[in-house]
Structures are given as structure tokens and as C-alpha cells.
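Small disclaimer: the values here were computed from a predicted structure and weren't measured. Here is the naming used below: chain letters follow the sequence lines, and residue numbers restart at 1 for every chain.
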There are 2 protein chains.
Amino acid sequence: MALNEETYNEVKKIFTAYLENKSLRKTPERFAILEEIYTREGHFDVESLYISMKNKNYRVSRATVYNTLDLLVDCDLVSKHQFGKNMAQYEKCYGYRQHDHLICTDCHKVIEFCDPRIHNIQTMIGELLNFKVMHHSLNLYGVCADCQAKTQHEKDQKEKQLNADS
Amino acid sequence: MALNEETYNEVKKIFTAYLENKSLRKTPERFAILEEIYTREGHFDVESLYISMKNKNYRVSRATVYNTLDLLVDCDLVSKHQFGKNMAQYEKCYGYRQHDHLICTDCHKVIEFCDPRIHNIQTMIGELLNFKVMHHSLNLYGVCADCQAKTQHEKDQKEKQLNADS
DNA sequence: ATCCCTGCAAAGGGTTTGCAGACGC
DNA sequence: GCGTCTGCAAACCCTTTGCAGGGAT
């Protein structure tokens, strides 16, 4: 929820260097978006980021949010995901361990996990097939413990009903 | 390109059983779409499938294609992928080894690969985090050998030009 | 002063939905 | 005959684009 000043200073430095290197302008909007992202926890979509900034009376447009997100993804300060829906999800990623996602197909909850073996697979397959692999995305889809319990509960209720009817 | 009759008969049987089990109607459109999918090779998107059927003078609507694809994905005869673009890609999957994808970020070529370790990870993480994991999607993003060569070639050309200018 | 970047709104493209008619059951 | 499925087209939603004004360099 609260912005970690130290982290923000580091990512700001990285973003500044990236912009200078690419001869892009260091506009206040770009840094405001970066700050808002590093103030947030977890995953977010473009609309919720836009709404958050609007709610803080910051005058931005969706176009600028999209533009800036592209830049941030390009300089590895933000990662972009497609969890099945037609809506990109983003998350800050500076200083975070590389991780993957477990997605509940019932309630759409997203849980993160790490497994070092994936990196080995990435490296090995890249060498094998002559690809210069830059990054990967592993999503596991299933039903979380809560939804499993909920489904079981509904099933039990139905059986109870059937028994009562007969 | 040509339809494998034996395979088609098997998937047709599976689809029929699925429809009966769910009390859904066995319409000719649904089987025509299944047949068209099992006649195709590799990945496809909804539009190209729709166009193919139109070209064969088969009267279908996009709505029915979408509806049927959902059913086929649900009964595991077709798998759906999101390779980054905002357009779903599908592929037949009956009788195919589970596999994952290597995607070239330059030319958008998609290559398949298999690695048994992924299945182990899927099982282990599911048990660890109490998810009933049903399936997964692993995409490796990188630059293929061709595009690496092309980029290198362009770089060489530019250097030659610079040397010629000076 | 230049011209890239911004905000705004309209366009774009894939997917979903509503409705009247068709047809599987 | 009932109720679902279909075709068609409009609606929807996320994202991209065009344009005129503004601000970074």
C-alpha cells in the first residue's frame, strides 16, 4: 500500500537512465505512473491503474498509461501477463524473484510460486532449438482449496435435498 | 491437410458422448466445426477457421464457432492459447503429446517442445498449494535462429555503410 | 523554437449478446 | 411442440490511433 522510498528511488534511476538512453522525454506523467505502480500491491489492469490515478486527481489519459506501461515493460520494471481473459494484467517486478502463477479457474484468484527447475528448462530448450530465450510465462490452471470445498459443499446440499425428497 | 478418418471417428465419439452427457444437442454445425478443426494442421484463430468454412460454402456463423470451440475446449478435444496478442489461438489436441510453446517475439513463429519435468512441477506445486491443477501453459519467449541471423545481418550492413561514409 | 508527448475522443478488432427463426429431441 | 441452437448484426470491451495543443529539451 505504502510506497517504499528506497525501492522507488532505485527504479526511478533505472527508468531515467532508460529514457535518456533511448532519447525519450522525462515527463512528469511517466514518473507519476511509475510511482503509482510501485505503490500498488499485486496484479492490476490498465483500467484500475487509470482509475486510481484519476481518484487521486492526477490528470492522465488512458493513452499515456498504455504508452508508459509499454516503456516500463521494455525496461523490465514491470511485467505483463495474459491470464486467459482478454485483458492484460501487470505487476511491478524490480527486486522480485522470478515467479510463476497458479490461477483458480473458478474464482480467478492468482497465487505466485517459484520453481528453479523452470529456469533450467528455459535455458536447455533455448539451446536445443537455437532460440535466444528472453523470458517465459508458466501458468498452472486449477481449482483452489476454497473453491474445491465450496463445490463439495454444494454437492452435499444437493444430496441432502434428494434424500429429503424421496 | 487431409482428415485422418480413424482419429476423426474417435473424437466424434468422444464429442457425442460429451454432448449426451450434458444434454446438449448434436447439431450438424457442431460436428462440421469439429471435422474442420481435425482437418487443419497447427494453430489457428477463430477468424481463419470461420473463413475456411465459409470458403467451403458451409453456412456457419461466428457465434456458433465461438460456442462450439468452448464446448470442444471443455471436453479436451481442443486447447486454447493466448500467445501475447489479444487473439486466442486454438489447436486440436486429441492423441497429441502434451507440449509447450516457444514463441519468436520478432516473427511470431511458434515452435512446440516437450519436457516431462513440467508435469512434475505441475503436480508438485498443486499438492504444495492445495490446488487441483487441471492443466498448464508454458510459453518461452525469445528470438529464433532466423531472426537472430537477420538482426546480425542488418547490423553488419549498417556498419559497412558507416565505414563507407567516413 | 522544435517536435515529442499528452489528453481526448473516435476508430479498431476480437468476442459476446439479443433476437427471431430453425430444428434436434 | 418445446426449448435449445443457429445466423445475423449490433453491442461490448480493451486497446490503438489521429489530431491539436502543450511542455521537455
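- Per the geometry, OH belonging to B:Tyr90 stands 6 Å off P belonging to C:dT15, to the nearest Å.
- A sub-4.0 Å separation between OP1 or OP2 of D:dT15 and a side-chain N or O of A:Tyr66 is present.
- Whole-Å rounding puts the A:Tyr50 OH to C:dC8 C1' distance at 9 Å.
- For A:Asp106 and A:Lys150, the salt-bridge test fails: no basic side-chain N is under 4.0 Å from an acidic carboxylate O.
- Distance B:Glu29 CD to D:dC8 P: 11 Å, rounded to the nearest Å.
- Residue B:Glu36 forms a salt bridge (charged side-chain N to carboxylate O under 4.0 Å, His left out) with just one option from B:Lys56, B:Arg30, B:Lys54, and that option is B:Lys56.
- Rounded to whole Å, atom P of C:dG13 lies 14 Å from atom CD1 of B:Ile51.
- When side chains are defined from C-beta on, B:Asp100 does not count as touching B:Leu140, because their heavy atoms never get closer than 4.5 Å.
- Along DNA chain C, the nucleotide nearest to B:Lys26 and the one nearest to A:Asn86 differ in position, and the one closer to the 5' end is contacted by A:Asn86.
- B:Arg62 and B:Glu47 are joined by a salt bridge, as a carboxylate oxygen and a charged side-chain nitrogen come within less than 4.0 angstrom of each other.
- A salt bridge links A:Glu20 with A:Lys26: at least one charged nitrogen is closer than 4.0 Å to a carboxylate oxygen.
- Between A:Arg30 and the phosphate of C:dT6, there is a side-chain N or O to OP1/OP2 separation shorter than 4.0 Å.
- For the pair A:Pro28 and A:Val46, nearest-nucleotide mapping onto DNA chain D gives the more 5' position to A:Val46.
- Along DNA chain D, the nucleotide closest to A:Arg25 and the one closest to B:Thr64 are compared, and the more 5′ of them pairs with B:Thr64.
- Atom CG in B:Leu69 sits about 10 Å away from atom P in C:dT16, given to the nearest Å.
- Both B:Gln82 and B:Thr27 lie near DNA chain C, and the one whose nearest nucleotide falls closer to the 5' end is B:Gln82.
- Whole-Å rounding puts the A:Arg62 CZ to C:dA10 C1' distance at 13 Å.
- Within 4.0 Å (heavy atoms only), A:Asp45 reaches no atom of the nucleic acid at all.
- Residue A:Asn67 places no side-chain N or O under 4.0 Å from the OP1 or OP2 atom of C:dC5.
- Counting non-hydrogen atoms under 4.0 angstrom, B:Lys54 reaches the backbone sugars and phosphates but no base.
- Computed from coordinates, the A:Met53 CE to C:dC8 P distance equals 13 Å when rounded to whole Å.
- Between the CZ atom of A:Arg59 and the P atom of C:dC5 there is a distance of 18 Å, rounded to whole Å.
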